[in-house]
Structures are given as C-alpha cells and as structure tokens.
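Written out below as structure tokens is the structure these notes cover.
In the text below, chain A, chain B and the rest are named by the order of the sequence lines, each starting its count at 1. Values below: all heavy atoms of this structure, side chains included; hydrogens, waters and symmetry mates excluded.
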Protein chains: 2
Amino acid sequence: MISDKTVERLSLYRWLLETKVDKDTVSLFSHQIAAMACVSPAQLRRDLMTTGYSGSSTRGYSVKELAGSIAGVLDGNEPAKVALIGMGNLGRAIVSFLRGRRSRLKVVATFDTDSRKTGRVISGCRCYGQNRIEEIVTREQISVAVITVPSDVAQKVTDRLVNAGVTGILNYAPVPLRVPERVYLENRDVTTALEKVAYFARKSTEKE
Amino acid sequence: MISDKTVERLSLYRWLLETKVDKDTVSLFSHQIAAMACVSPAQLRRDLMTTGYSGSSTRGYSVKELAGSIAGVLDGNEPAKVALIGMGNLGRAIVSFLRGRRSRLKVVATFDTDSRKTGRVISGCRCYGQNRIEEIVTREQISVAVITVPSDVAQKVTDRLVNAGVTGILNYAPVPLRVPERVYLENRDVTTALEKVAYFARKSTEKE
DNA sequence: ATAGTGCTGTTACTTTTTTCACAGTACCTG
DNA sequence: CAGGTACTGTGAAAAAAGTAACAGCACTAT
Ligand SMILES: NC(=O)c1ccc[n+]([C@@H]2O[C@H](COP(=O)([O-])OP(=O)(O)OC[C@H]3O[C@@H](n4cnc5c(N)ncnc54)[C@H](O)[C@@H]3O)[C@@H](O)[C@H]2O)c1
Ligand SMILES: NC(=O)c1ccc[n+]([C@@H]2O[C@H](COP(=O)([O-])OP(=O)(O)OC[C@H]3O[C@@H](n4cnc5c(N)ncnc54)[C@H](O)[C@@H]3O)[C@@H](O)[C@H]2O)c1
C-alpha cells in the first residue's frame, strides 16, 4: 500500500509533467522534476519506485511514459465520481474550479437544502435537493464526496453519505468528522491551517 | 521547536475546548479530549507536554487553563495580521468565513487587480489595488498572507509579499511556490487533495 | 490510616518517512 | 574499446512521528 504522502506527491509530479513541461521536452532527470516539485531527487526516485516505472540513467524519465505510469497507479479504470454537498460560497468556488480543469475526477452531482439552488444547474453541475443524497449517490455509484455545508450539519450529512456508499471524503467544514475505519477522510480546515502558518510565521520573525 | 503536526493538533484541541465543551464542564480527562479530536490519549498528552501545562490525575485538565496554555504557545502577544490576495470566488468565501469566527487572526487587508473590487469593502474587509501590496504589508506589519490569485501570477505575488516582509503563506493556487528558507509555506491544492481522497476511496472499495 | 483506583507525565520502544550513499548501467569520447 | 561521466534504483542509516507502558501521584472508600 502506497502512503498518504507519496500519493500526494505523485499527483503533483503528474500535474507538473502534464502542464509545466514544454511540448518538445521528451525526457527529464530526477533532479529536474524534483526541483519543480520542491522535493529532493532521492525523494522523487523513491516515490517513483512505487509506480514500477524505470528511467534510464542517460536520458532520465520519459515525460509521457512516466505520467502514464503514475496514472496507472492513481487512477482507476474509469474516472472517480464526485459529489459536493453544500453549494454555498465555498462549494460554488470549488465546483467551478474543478469544472475548469479537465480531470479524471468528475463532479457528477451537487446537493443543497436551499430551494433557490436545487433543481438548477450551478457552475455547470446539476444541484439536487439534499433529501436525494442517498438515491443519487447510490444510483450514480459516487465514491467521493466534498463537504462544504455548515459545520453543525456536517456529521449528519457525512453519515448519510457513508451509508449510501461513499468511501472517500474531503471535508471543509471545521469539525472533526467521525467515519468508519474503511472510509478515507481528509480535513481541510482553514482556521487550523492559518493558525499553523501564523505560528511558524511568528517563530520565523522571532528568531532574528 | 514544536512540530508541524503538533501545532495543527493543538489548534484543534483549543478549538474543541472553546466551542465543543459545555459551559459547566470545568475539566476533562485526556481520553475525553482525545476522543473529540479523534486521536489517541497518548498522542494528546504528548502534544500537551509542549505547552508545559499539567493536568491533575484525578480531575484531568482544566478546560479554561488548558485553552489558555495552548494559546500561550500558539498566539503571539497581539493577533497576527493577515492579508488575502485575490478576491475571486475563493478569496471572498475565505474572507467572509474568517470574519464569521472571532479569532486571534485578523484579516486586515485584501488585494485584487480588478477595479470593480478595489477601493471597496468586500466581505467586511477593505480591498486594495494589487499595486499597493508592498506599501500596506509593510505599513501594517502583516506577517501572514493567503494566496487565492490565478496560478499564473501566484509566484509573482508571492515574491512581492516575501519581499515586503511576509513570513507565512497559505497558498490555494495549484502551483508549488518557491519561497526562501525562512518563510513558512503551506499549500492547499484542491486537486491534489481530491486525487488523494479518490485514490484511497478506490483502494477501500477494491479491497472487498 | 491504608489499600485501591484511575489518572498524568514521561521514557522507551515501534513504525513510518526521509535522506544518504553507492553499486550498477548506459552512453559518450578519444 | 578502455576510461570517464552522470545518471538510476535501492539497501541501509537517520530522523520524525506515533504508541505503549509504567512509575508516581491525588484522591476515595473502607
Ligand atoms: N468559506 C470558506 O472559505 C470556508 C472555509 C473553510 C470552511 N468553511 C466551511 O465550509 C462550510 C461552507 O462555507 P460557506 O462559506 O460556503 O457557507 P455557506 O453558508 O455559503 O454555504 C453553506 C451551504 O450549505 C447548504 N446547506 C445547509 N444545510 C445543508 C444540508 N443539510 N444539506 C445540504 N446543503 C446544506 C446551504 O444552503 C448553503 O448553500 C462551512 O462549514 C464553513 O465553516 C468555509
Ligand atoms: N475556486 C476554488 O475553490 C479553488 C480551489 C483551489 C484553488 N483555487 C485557485 O485559487 C485561485 C483563485 O480561484 P478563484 O476561483 O477564486 O478564481 P477567480 O478568478 O474568481 O479569482 C481570482 C481573483 O484574483 C484576482 N487577481 C488576478 N491577478 C491578480 C494579481 N496580480 N493581484 C491580485 N489579484 C489578482 C482577480 O481579479 C480575481 O478576482 C486560482 O489559482 C484557483 O486555481 C481555487
């Protein structure tokens, strides 16, 4: 099983290869990719071991083949289907952002309680009533959910999603959610992140 | 020096103590706080060691004193000043969210290029022209910046912020930014996070 | 009082993650 | 074709993060 951190970096490498490399660059050395990703060359090579792909000592890694190899690890056979719950400020921003990038992740449904939002297509994606979560998640076989509802309903929404078969959750509500063992949960609380940054920012200025 | 992860958890503990505990609960045991935070009691106690605060073996930790003790570690003497650059969908969502919570972090200025946004007060915070970044960051002694500009200008904006004295950056643009050693950088790329969640979601369903 | 209880603080250990360092390899050069 | 070069892949070492275990304490109950 590939680790957390490695998966994250693989995703970054692929993105760099696909978007930040000249069309006419056919291959790169570990230190070049590592520099773009701000990691050490050793780290990069170690990460790539998990994909099974081998570069050549004289040419480095074929950009195209490497990207394909990473895709082989990260992606399933068909794009993962994603639902987003809570089309507020944040929810809309995320959906419209994800629409912009073509991606192996498809946001196929969004949900809200607000009747001004439901039944319409917002930011390019159909918004359903919150009561239809189970129905649509099950029907569409949605495996990943993004939670951008107010924090007091986040746990309830989560429980329903998990029940309906979701196995991965990206949570933006600032509460630690409780999920069963088998469900992968990633929290993205802004406040925590900012407090962390502020702490180290302060330490950095204090040092001088 | 306290680690990355520990700081993050301390921030979470404090938040739990301040918002998720009954007014009449005066003290809690490590396992109670740990359960709320979804960490092991040992982890919690270990984290608290860094604050120097000691609980009692029979009463546990005083909610109030512990929160104060964490604050002593995380916060400086006065609230850190924060700037946000790029008042687009995401930027506005974040600013209005931060306004909502009273906090030791004060968003004191936002910046944009769009003349429909500059010069006005948006989501409760003054929005300045992007050309005044250096002036205002220096004058207000802003130490933390949140970057929500399009990714092609993110590096340029970052360089200017760093130059003006910012020492902590929370980056939402999906590019790995380059900053000097002394500046703390935290990236919050949605795509990477989602791909990671999707990967583990798939692994979790495949296992069965 | 005294034995018993159930917690904390901390040390020692385990696991995970990162870095180091170098043998092995493919090419280039003269 | 021998020697040199600059890379890769990977085992081994180091560092970081997390877990377990337990001595010692503060209290309670008898
Ligand atoms: N704005 C941010 O940048 C930001 C940052 C971090 C975290 N958050 C968190 O993300 C969440 C959303 O933030 P926001 O600024 O978009 O708030 P918002 O109020 O604009 O959006 C919340 C949306 O969720 C919908 N909703 C409410 N209950 C629902 C339910 N049971 N099912 C489905 N939808 C429901 C509401 O109708 C609304 O559209 C909040 O928990 C907030 O704390 C926001
Ligand atoms: N929308 C999301 O949820 C989301 C998620 C992840 C990452 N991002 C990234 O965050 C950034 C912003 O996303 P968004 O959806 O808010 O886009 P947006 O286009 O709505 O907002 C960008 C804002 O930045 C301003 N801007 C442009 N150049 C600037 C400059 N040099 N200085 C100051 N301001 C400038 C623009 O005027 C605009 O208001 C993008 O990089 C996007 O990729 C967005």
Side-chain angles (χ1 to χ4, degrees), chain A residues 1-13 17 25-63 65-67 69-70 73 176 181 184-187 192 196 199-200 203, chain B residues 1-13 17 25-67 69-70 72-73 176 181 184 186 192 196 199-200 203:
Chain A
M1 175 59 73
I2 303 179
S3 88
D4 204 1
K5 310 279 189 74
T6 300
V7 170
E8 218 164 81
R9 285 188 299 261
L10 286 176
S11 164
L12 171 62
Y13 303 149
L17 292 174
T25 305
V26 299
S27 57
L28 289 168
F29 295 115
S30 66
H31 66 263
Q32 298 177 293
I33 305 176
M36 289 194 289
C38 301
V39 300
S40 71
Q43 175 88 262
L44 176 103
R45 293 205 300 277
R46 173 138 314 251
D47 288 337
L48 295 191
M49 279 179 68
T50 64
T51 71
Y53 180 70
S54 274
S56 117
S57 65
T58 37
R59 246 175 303 279
Y61 301 90
S62 151
V63 172
E65 283 175 32
L66 178 53
S69 184
I70 294 176
V73 173
E181 185 73 43
Y184 186 86
L185 172 67
E186 175 85 10
N187 288 304
T192 302
K196 184 168 76 168
Y199 173 82
F200 287 107
K203 286 295 165 199
Chain B
M1 174 58 71
I2 304 180
S3 87
D4 202 4
K5 310 279 189 76
T6 298
V7 170
E8 219 164 79
R9 283 189 300 261
L10 286 176
S11 163
L12 172 61
Y13 303 149
L17 292 174
T25 306
V26 300
S27 56
L28 289 169
F29 295 115
S30 65
H31 65 264
Q32 299 177 293
I33 305 175
M36 290 194 288
C38 301
V39 301
S40 72
Q43 174 88 263
L44 176 103
R45 293 205 301 275
R46 157 66 58 113
D47 288 337
L48 296 191
M49 278 178 69
T50 63
T51 71
Y53 179 70
S54 273
S56 116
S57 64
T58 36
R59 246 173 304 278
Y61 302 91
S62 151
V63 172
K64 212 160 180 174
E65 283 174 34
L66 178 52
S69 182
I70 294 176
V73 173
E181 185 73 43
Y184 186 85
E186 174 85 9
T192 302
K196 184 167 79 168
Y199 173 83
F200 287 108
K203 286 294 166 200

Decide yes or no for B:Tyr199 and A:Glu8: does some side-chain heavy atom of the first lie under 4.5 Å from some side-chain heavy atom of the second? no
Separation of C:dG9 P from B:Ile33 CD1 (nearest whole Å): 11 Å
Taking OP1 and OP2 of C:dT19, is either one under 4.0 Å from a side-chain nitrogen or oxygen of A:Ser40? yes
Please report the distance, rounded to the nearest Å, between CZ in A:Arg9 and C1' in C:dT19. 12 Å
Do you know the tightest heavy-atom contact between B:Arg59 and B:Ser27? O-OG, 3.2 Å
Output one letter per nucleotide in nucleotides 25-30 of chain C: B when a protein non-hydrogen atom lies under 4.0 Å from the base, S when only the sugar-phosphate is that close, - when neither is. BBS---
How close or far is atom C1' of D:dT8 from atom CG of A:Leu28, stated in whole angstroms? 15 Å
Need one value for B:Thr6: base, sugar-phosphate or nothing, where a base atom within 4.0 Å counts as base even if backbone is also close, heavy atoms only. nothing
Phosphate oxygens OP1/OP2 of D:dG9: is one of them under 4.0 Å from a side-chain N or O of A:Ser54? yes
A:Asp47 or B:Met49: which one's nearest nucleotide on DNA chain C is closer to the 5' end? B:Met49
Let me know the distance between CG of B:Asp4 and P of C:dT18, rounded to the nearest Å. 11 Å
Rounding to an integer number of Å, can you tell me how far B:Leu44 CG sits from D:dT19 P? 12 Å
Can you tell which of C:dT18, C:dG9, D:dG18 lies closest to the side chain of B:Gln43? D:dG18
A:Arg45 vs D:dT8: side-chain N/O to OP1/OP2 distance below 4.0 Å: yes
Looking at the base of D:dG11, is there any donor atom on it, or on the side chain of A:Arg46, that sits under 3.5 Å from an acceptor on the other one? yes
Of the non-hydrogen atoms in A:Lys196 and B:Val7, which two are nearest, and what is the gap between them? CA-CG1, 3.9 Å
